[in-house]
2 protein chains.
Amino acid sequence: MATESSHEVPQVVIERLPQYLRALSRFLEEGTTVISSQQLGARLQVTPAQIRKDLSYFGRFGKQGRGYTILFLVEQLRHILGLDQTWKVAVVGVGRLGRAIISYPGFAPEGFHVVCAFDTDPALVGKLTDGLTVQAMSQMAAVLRREDVKIAIVAVPAAHAQGVVDQLVTCGIKSILCYAPVATQRPSDVHISYIDPVLALQSMTYYLKAVAAG
Amino acid sequence: MATESSHEVPQVVIERLPQYLRALSRFLEEGTTVISSQQLGARLQVTPAQIRKDLSYFGRFGKQGRGYTILFLVEQLRHILGLDQTWKVAVVGVGRLGRAIISYPGFAPEGFHVVCAFDTDPALVGKLTDGLTVQAMSQMAAVLRREDVKIAIVAVPAAHAQGVVDQLVTCGIKSILCYAPVATQRPSDVHISYIDPVLALQSMTYYLKAVAAG
DNA sequence: GTATGTGAAGCACTTCACAGCT
DNA sequence: AGCTGTGAAGTGCTTCACATAC
């Protein structure tokens, strides 16, 4: 009971669970109520064994001979991932990209609510953006604590990203979604995911080039 | 000479090369001309052995006792990745997100040029968006061929993504960057990368939840 | 002395294959 | 008959450690 089991579940597994969840929700909408690992895997292009093994890290959710009751499995996955609650999110950087993130309609339905926004630019501070008042960076520590924000989205220029990450870490933030195109240093207990379309394109050209040469 | 060596280099390696390239470019800008795998790894939080191994798939680019001449290594990596040329890109879906992608200033400096945009909405077709005229989906096959476009960015609603991917595959497109939140079916020789902030957030909450409980 | 390049060892994730339940 | 859950086997990526080169 001393150590949490967090590290026994491979991170790749944790990254697949939200995909399972999303696909299962769609099956539900389509009227399916029970599903096999076979069927789910076909939709997601994952092997059935992979799905069963992934789920087995957390319990026994299926019925042999039948499959999984989708509604039940969805509930379980939402609980495992901590998605049976809402999460407050802060956006740092309210330029073109930051504004797009703030007004992106895909977060709220999934339980992620942007509740505050920060920027260094005095010309932006105090302005309303989609119902949010942009606040000064100096306010950040106090606001994050008061609002109990646990997740930050970084949308500042590359040159400022490291500084912003440092500040967020100081504020006790452990989860960051970073849109800035730079690898940032941080303590090992801070999770950062990067959204980086240019990196994605730059890997794809390797395969295009190879095909063209073949 | 029969089989291309594409499959001998692990995909994870290909995904790291653009990161190396970006970090190296920054070192160059800072005035560094020679670097060790140790120094590069420290910046990217990758082990030196990993970097040396990754590079060894493609040749010997360093000098023992010294390290790597950055300018030379950058050139080599750009060539390996096929980044020593420009690539034309098509955007499919010109809603809010599609417009943001078209006007994103980060692609062109890296050699990715959005040269055409498509949408089903007759109200959008013919309109100018950042210098591009939105075209009807029916034009797609002809335009992609004429312009020699090899990469497509999908920015349509989830419900239409599969259909669009199917059309792109029919057009011979092998590389797709997909912003729609759905896993799409496709032939194994078609590469799709997903940009999906919600999935990223949904994995992060697992660790937040675990910390809160511990 | 310093840092690369690389077989070999180590580790982690994936797939197999089958016992067990429905 | 069908499908899950899971040890065991298989695969592939990462790290080690050292010969080699400067």
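A, B, ... follow the sequence lines: proteins, then strands. Residue 1 opens every chain.
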message = Does dA3(C) have OP1 or OP2 under 4.0 Å away from a side-chain N or O of Ser36(B)?
response = no
inquiry  = If the cut-off is 4.0 Å, is Gln64(A) near the phosphate of dG2(D), judged by side-chain N/O to OP1 or OP2?
reply    = no
query = Below 4.0 angstrom from OP1 or OP2 of dT22(C), is there any side-chain N or O of Tyr68(A)?
reply = no
ask   = Could you state the CD1-C1' distance from Ile70(A) to dT4(D), rounded to the nearest angstrom?
value = 16 Å
inquiry  = Let me spell it out: for each of Ile35(A) and Val13(B), pick the nucleotide of DNA chain D with the closest heavy atom. Which residue's pick is nearer the 5' end?
reply    = Ile35(A)
Rounded distance (Å) that lies between atom C1' of dT15(C) and atom CD of Gln45(A) = 18 Å
inquiry  = Whether the side chain of Lys209(B) engages the backbone of Ile80(A) through a donor-acceptor N/O pair (distance < 3.5 Å, no angle test) should be reported.
reply    = yes
key: Short side-chain N/O contact to dT15(D) OP1/OP2 from Gln50(B), under 4.0 Å   = yes
remark   = Picking from dA8(C), dA3(C), dG7(D), the nucleotide nearest the side-chain atoms of Lys53(B) would be dA8(C)
message = Other residues, nucleotides and ligands only: do more than 12 of their heavy atoms fall within 6.0 Å of NE2 on His79(B)?
response = no
query = In whole angstroms, how far is the C1' atom of dT6(D) from the CG atom of Leu55(A)?
reply = 13 Å
query = CG of Asp54(A) versus C1' of dT15(C): gap in Å, rounded?
reply = 12 Å
message = Within the 4.0 Å heavy-atom criterion, would you say Arg66(B) contacts the bases, only the backbone, or no part of the nucleic acid?
response = sugar-phosphate
ask   = Backbone N or O of Ser36(B) within a donor-acceptor pair of the Gln39(B) side chain at under 3.5 Å?
value = yes
Nearest-nucleotide comparison on DNA chain D, the residue closer to the 5′ end among Phe61(A) and Gly65(A) = Gly65(A)
request  = Give a yes/no on whether any side-chain N or O of Tyr57(B) is located under 4.0 angstrom from OP1 or OP2 of dC13(D).
outcome  = no
Interatomic distance where CG belongs to Leu40(A) and P belongs to dG5(D) [whole Å] = 13 Å
inquiry  = Taking the nucleotide of DNA chain C with the nearest heavy atom to each, does Val12(A) or Lys63(A) sit closer to the 5' end?
reply    = Val12(A)
key: Partner of Ser37(A) under side chain to side chain donor-acceptor pair (under 3.5 Å), chosen from Gln50(A), Lys53(A), Arg52(A)   = Arg52(A)
query = Arg16(B) CZ to dC13(D) P: how many Å, rounded?
reply = 9 Å
message = Side-chain N or O of Arg60(B) versus OP1/OP2 of dA21(D): is the shortest distance under 4.0 Å?
response = no
message = Tell me the interatomic distance from Glu8(A), atom CD, to dC11(C), atom C1', rounded to whole angstroms.
response = 16 Å
inquiry  = Counting only side-chain nitrogens and oxygens, does Ser37(B) get under 4.0 Å of the OP1 or OP2 atom of dT4(C)?
reply    = yes
ask   = Should Leu17(A) and Phe58(A) be marked as a side-chain contact (heavy atoms from CB on, under 4.5 Å) after you check the CA-CA gap, both sets of side-chain angles, and the distance that decides it?
value = CA-CA 11 Å; Leu17(A) 297 187; Phe58(A) 303 97; 3.7 Å; yes
key: Lys63(A) atom NZ: more than 12 heavy-atom contacts under 6.0 Å   = no
query = Phosphate oxygens OP1/OP2 of dT4(D): is one of them under 4.0 Å from a side-chain N or O of Arg52(A)?
reply = yes
ask   = Rounded to whole angstroms, how far apart are CD1 on Ile51(B) and P on dT15(D)?
value = 11 Å
